[in-house]
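Take a look at the structure set out below.
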Number of protein chains: 2
Amino acid sequence: MRRKVTLKDIARELDVSISTVSKALKNSNEIGRDTRNRIQAFARSHNYRPNNIAVSLKNKKTRNIGVIIPDIVHHFFTTVFRGIEKHANSLGYNVIVCVSDESFDKEVINTELLANGSIDGFIIGLSAETQEKRDYSHLKEVTDQGIPVVLFDRVTDEFPCDKVIIDDEVAARQAVEYLISKGKKRIALFTTAHDLGVTKNRSLGYKKALENHRIPFDKNLVLQLPFQFEEEELSRSFFKEQTFDAVLSVNEIFAVRGMRLAGEFGYRIPEDVSFIGFTDGILSKYAVPSLTSIAQHGEQMGETAARMLIDKIENEYDETDASNYRTEIIEASLIKREST
Amino acid sequence: MRRKVTLKDIARELDVSISTVSKALKNSNEIGRDTRNRIQAFARSHNYRPNNIAVSLKNKKTRNIGVIIPDIVHHFFTTVFRGIEKHANSLGYNVIVCVSDESFDKEVINTELLANGSIDGFIIGLSAETQEKRDYSHLKEVTDQGIPVVLFDRVTDEFPCDKVIIDDEVAARQAVEYLISKGKKRIALFTTAHDLGVTKNRSLGYKKALENHRIPFDKNLVLQLPFQFEEEELSRSFFKEQTFDAVLSVNEIFAVRGMRLAGEFGYRIPEDVSFIGFTDGILSKYAVPSLTSIAQHGEQMGETAARMLIDKIENEYDETDASNYRTEIIEASLIKREST
DNA sequence: CTGTTAGCGCATTCAA
DNA sequence: TTGAATGCGCTAACAG
């Protein structure tokens, strides 16, 4: 087992000092032309690579960024992650991921762990539990230590830092207005049982659209589904009891399952019922009929988050001054397909 | 900005030496009961946490594991990743991910980068390009340095190390035999244009099943699709020209798109044509009709990979002795749904 | 029981 | 132009 060669090894072999080697490898012209060449040649032929850990310790910079997301098996987050990873890599940063599994405790543990020197900054999508508890002390601890944090998608107004979101309210409103423009009058909303943050804003947008077009809001047209939507009875009775000609769903799955039920009930899509779903994922694209959906441009969101974070990492700023923090909004867009 | 407190800080405050603090915090009974308490109390109240980087440098162990996957926006890999992450975390390891994007060069760069001290071991799914080039020198470099590597799913016989795979050949054979048992006689295979590794084994299993049941292999029943399957003409003419009563697809997408075409051609599923697809992802579950699929149990695969890797990290072994390496096979299973 | 010393691999200041 | 010395934060062997 060939051990890694260090500066010390090179110094010993070439009978110079460690600092000479260090400087020579940085091509410092403090070192003579010929010794520099000798050292560089030797280093190259012995495949010298600086030890990341030692460099980190010395420089107090790891060039790692920590990402904490609620769930990795989730198309949207995965997409954001890709954006982060690409941008970070292109600037010489590596990405350490931890998954909170929607748990507050895991989020806290992971944050603390990574904050102890492993990373230079965080990109976080808050867990559902954190959003419910509204406890952000772990984030405060981190920023107090001078570690910058960027929140994405799952954000909160109660913690000051850089954020990147899509305007869920506007996106929902526009989607519903699109349905209205197609002549739809009784538009249902499929949403989750708990609606916090993102989901809440989507509901607001839905209501706003109705309001703008003087369509009365009918709470009977709101179907709240448990997360995994396995309780099919709920939605089946909704289809039996309510009449509606369009559906806005806060996610793909509810929409696709809704379309299946619509089929069973003999409705034609989109003539009898139209569907629009949030999150333009693989399901929307390949469903039959394919689903009109709201693309959140996760990759762009990730890239933006990475850009904001690295900017904070590399430039001095006063973390107590709220005016240093911005919230970037990624435009959502409606991908029109067969379901409308 | 409250800086992080270090051993040195505590030592200064309490007027003891750094090593005393270090030992006291490890609860070493080399240190007197009372000083130990004093130090521990101080540390707790000042929220002392050891600096990961310094510990890593000292111990030559990072407790990080490096994961390199071809694509993060891919349900199966994501699932494997979750398995890795969960298991690793439970044993106190963090995970650094890099994405190769199916590119050989990126795979090499990422491997080298992480190998320079950032991680204690690798879990890798080879990129398509690497499998084509059959160049594994970057892996060799890494293992030569004593860094263990575990390959998963995208593996190769040409590099000796621990591996975890599913037996794609057997899984495909069993799927086809299931179709045969349902009375199907003309079974088509939807596969990718290039078939290396995994895909190749699936094709072999397909042929093997036919052979076992004395059904002649008909190469006209093999449809090779470009990766994104956007060239719909190819498959449309396949549907026009060939007669078949079942399909085995090497992925979900080809299967689902096939089902849509079958619908357009007026075939009933599964009476006229049955479908089975590899990878039990979200599409299989929510497609209409839902797709019978081969579950690869990615999470279990990831967990196994993590277990094998951490075992190698924590225990001495001779990396030149091939008998130290094992290949674990994860059983695939057929999830029966409406499409068969 | 406590402290001194050395060292992990590297960068950098200062002296020669 | 080169090198000695110092330190990043922590651990551990050894001495007192």
- Message: Please confirm whether the shortest side-chain N or O distance from B:K26 to OP1 or OP2 of D:dT11 is below 4.0 Å.
- Response: yes
- Task: Calculate the interatomic distance between B:L7 atom CG and D:dG7 atom P; express it in whole Å.
- Result: 17 Å
- Message: Measuring to OP1 and OP2 of D:dT2, would you say a side-chain N or O of A:T20 lies under 4.0 angstrom away?
- Response: no
- For the pair made of CG in A:L25 and C1' in D:dT2, what is the distance, rounded to whole Å? 15 Å
- Message: Please determine whether a side-chain nitrogen or oxygen atom of B:K8 lies at a distance below 4.0 Å from atom OP1 or OP2 of D:dC8.
- Response: yes
- Note on the structure: Rounded to whole Å, CD1 of B:I10 lies from P of C:dG3 at a distance of 14 Å
- Task: Output yes when A:R134 and A:E132 qualify as a salt bridge under the 4.0 Å nitrogen-oxygen rule, no when they do not.
- Result: no
- A:I53 has an atom CD1; how far is it from atom P of C:dC8, in whole Å? 16 Å
- Query: C:dG9 C1' sits how many Å from A:K4 NZ, rounded?
  - Reply: 12 Å
- Does A:K23 put a side-chain nitrogen or oxygen below 4.0 Å from OP1 or OP2 of C:dC10? no
- Task: Indicate whether OP1 or OP2 belonging to D:dC10 is found under 4.0 Å from a side-chain N or O atom of B:S22.
- Result: no
- Item | D:dA4 OP1/OP2 closer than 4.0 Å to side-chain N/O of A:S19 | no
- Query: Relative to B:Y317, does B:K312 satisfy both conditions: NZ or CZ under 6.0 angstrom from the six-membered ring centre, and within 45 degrees of the ring's axis?
  - Reply: yes
- Message: OP1 or OP2 of C:dT2 versus the side-chain N and O atoms of B:T35: is any pair under 4.0 Å?
- Response: yes
- Side chains of B:S103 and B:D101: donor-acceptor distance under 3.5 Å anywhere? no
- Item | Most 5' of B:N59 and B:G32 on DNA chain C, judged by nearest nucleotide | B:G32
- Query: Which whole-number value in Å describes the distance from A:L57 CG to C:dG7 C1'?
  - Reply: 12 Å
- Spacing of B:R38 atom CZ relative to C:dT2 atom C1', expressed in whole Å: 12 Å
- Task: Specify the separation, in whole Å, of atom NZ of B:K60 and atom C1' of D:dA12.
- Result: 15 Å
- Query: Think A:K58 has a side-chain N or O under 4.0 angstrom from the OP1 or OP2 of C:dC8?
  - Reply: no
- Message: Applying salt bridge (Lys or Arg N to Asp or Glu O under 4.0 Å) to B:E158 and B:K140, what does each step give before you reach the verdict?
- Response: CA-CA 11 Å; B:E158 298 168 40; B:K140 176 113 181 53; over 6 Å; no
- Could you tell me whether A:K4 and A:D9 have a side-chain N and a carboxylate O separated by less than 4.0 Å? no
- So does A:Y48 get a side-chain nitrogen or oxygen closer than 4.0 Å to the phosphate oxygens (OP1/OP2) of C:dC10? yes
